[in-house]
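Presented below is the structure to which this report refers.
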Amino acid sequence: SAVISQKPSRDICQRGTSLTIQCQVDSQVTMMFWYRQQPGQSLTLIATANQGSEATYESGFVIDKFPISRPNLTFSTLTVSNMSPEDSSIYLCSVDYRGETQYFGPGTRLLVL
Amino acid sequence: GESVGLHLPTLSVQEGDNSIINCAYSNSASDYFIWYKQESGKGPQFIIDIRSNMDKRQGQRVTVLLNKTVKHLSLQIAATQPGDSAVYFCAEGSTDSWGKLQFGAGTQVVVTP
């Protein structure tokens, strides 16, 4: 399996600010994804992080709010921009492992005041 | 079972008994399915997956059953242990859009002594 780490593990931010979350994988992977898990709820896909090109966003998510970088095959960042309390969630990255299945990172717990 | 918002369906199981967690999926085009376990404060942990060309797959203490006719998935945990207490999510995906998972609402499993 792939070992995935995320930084920071948690943060408390003021509204109007931005936070960049990092995701690092211990092996090269073709596909990386970002999900959001709102309090007490299930996971929703935000976007697919494409290496060398712009991310592909799901309905309801836009690049201005959630810019994503994917500079190489082991690393991606998600920025939550101009935050409001409604952005308080767990943000998770996942990777497709060898085209077989998907593993998740430990998540970043964000609280916006 | 399914639920909306903060009220996850809860399955209370006595230690040593078998658990059965059910999931109804929505997309008839989905051809692979994954069960995840999420403990408090952690990211989803891969348990087992199954492709649509199978109706049963077994792992260590777990069995996944797939009924495509009624779009139903179940996870059976044998000899449930306290460490099995967590929220369990089913996720569905399609090889046409590999990696994009749609998650169910989740089931809270509580193991009692």
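Residue numbering restarts at 1 for every chain, and letters A, B, ... go by the order of the sequence lines.
For A/Q38, no part sits under 4.5 Å from any heavy atom of chain B, backbone or side chain. With a 4.5 angstrom heavy-atom cutoff, B/Q38 touches chain A only via side-chain atoms. Neither the backbone nor the side chain of A/Q6 has a heavy atom closer than 4.5 Å to any heavy atom of chain B.
Among A/S42, A/G107, A/P106, A/S94, the residue with the largest count of heavy-atom pairs under 4.5 Å with chain B is A/S42. For the options B/Q45, B/K100, B/K42, B/Q108, heavy-atom pairs under 4.5 Å to chain A are most numerous at B/K100. Put simply, of A/L45, A/L43, A/I90, A/V95, the one with the most heavy-atom pairs under 4.5 Å next to chain B is A/L43. Counting heavy-atom pairs closer than 4.5 Å to chain B, the top residue among A/T30, A/T44, A/I4, A/D96 is A/D96.
Just one of B/F46, B/Y36, B/W98 meets the side chain to side chain contact (heavy atoms under 4.5 Å, CB included) condition when paired with A/Q102; it is B/Y36.
The cluster map of Ile, Leu, Val, Met, Phe, Trp and Tyr, joined by side-chain heavy atoms under 4.5 Å apart, puts A/M32 and A/F104 in the same cluster. Residues A/L92 and A/F66 fall into different hydrophobic clusters, defined by Ile, Leu, Val, Met, Phe, Trp and Tyr side chains chained together at heavy-atom separations under 4.5 Å. Cluster membership check: B/V64 shares its hydrophobic cluster with B/L11, using side-chain heavy-atom separations under 4.5 Å among Ile, Leu, Val, Met, Phe, Trp and Tyr. A/V112 and A/I21 fall within a single hydrophobic cluster, where Ile, Leu, Val, Met, Phe, Trp and Tyr are joined by side-chain heavy atoms under 4.5 Å apart, directly or via other members. Transitive grouping of hydrophobic side chains (ILVMFWY, heavy atoms separated by less than 4.5 Å) keeps A/L73 and A/V25 in distinct clusters.
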Between side-chain atoms of residues 81-92 of chain B and protein atoms elsewhere (two or more places apart, or another chain), which donor-acceptor pairs fall under 3.5 Å?
| residue | atom | partner | partner atom | Å |
| --- | --- | --- | --- | --- |
| B/D84 | OD1 | B/R61 | NH2 | 3.0 |
| B/D84 | OD2 | B/R61 | NH1 | 3.0 |
| B/D84 | OD2 | B/R61 | NH2 | 3.3 |
| B/D84 | OD2 | B/Q81 | N | 2.7 |
| B/S85 | OG | B/P82 | O | 3.2 |
| B/S85 | OG | B/V111 | N | 3.1 |
| B/Y88 | OH | B/D84 | O | 2.6 |
| B/E92 | OE1 | B/N27 | N | 3.1 |
| B/E92 | OE1 | B/S30 | OG | 2.5 |
| B/E92 | OE2 | B/S26 | N | 3.0 |
| B/E92 | OE2 | B/S26 | OG | 3.3 |

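Note that the CZ atom of B/F33 and the OG1 atom of A/T101 stand 13.0 Å from one another [nearest 0.5 Å]. Residue B/L101 holds its CG atom at 4.0 Å from OH of A/Y35, rounded to the nearest 0.5 Å. Taking OH from A/Y103 and CD1 from B/I34, the interatomic distance works out to 9.0 Å, rounded to the nearest 0.5 Å.
Not a single donor-acceptor pair under 3.5 Å links the side chain of A/Q41 to the backbone N or O of B/A105.
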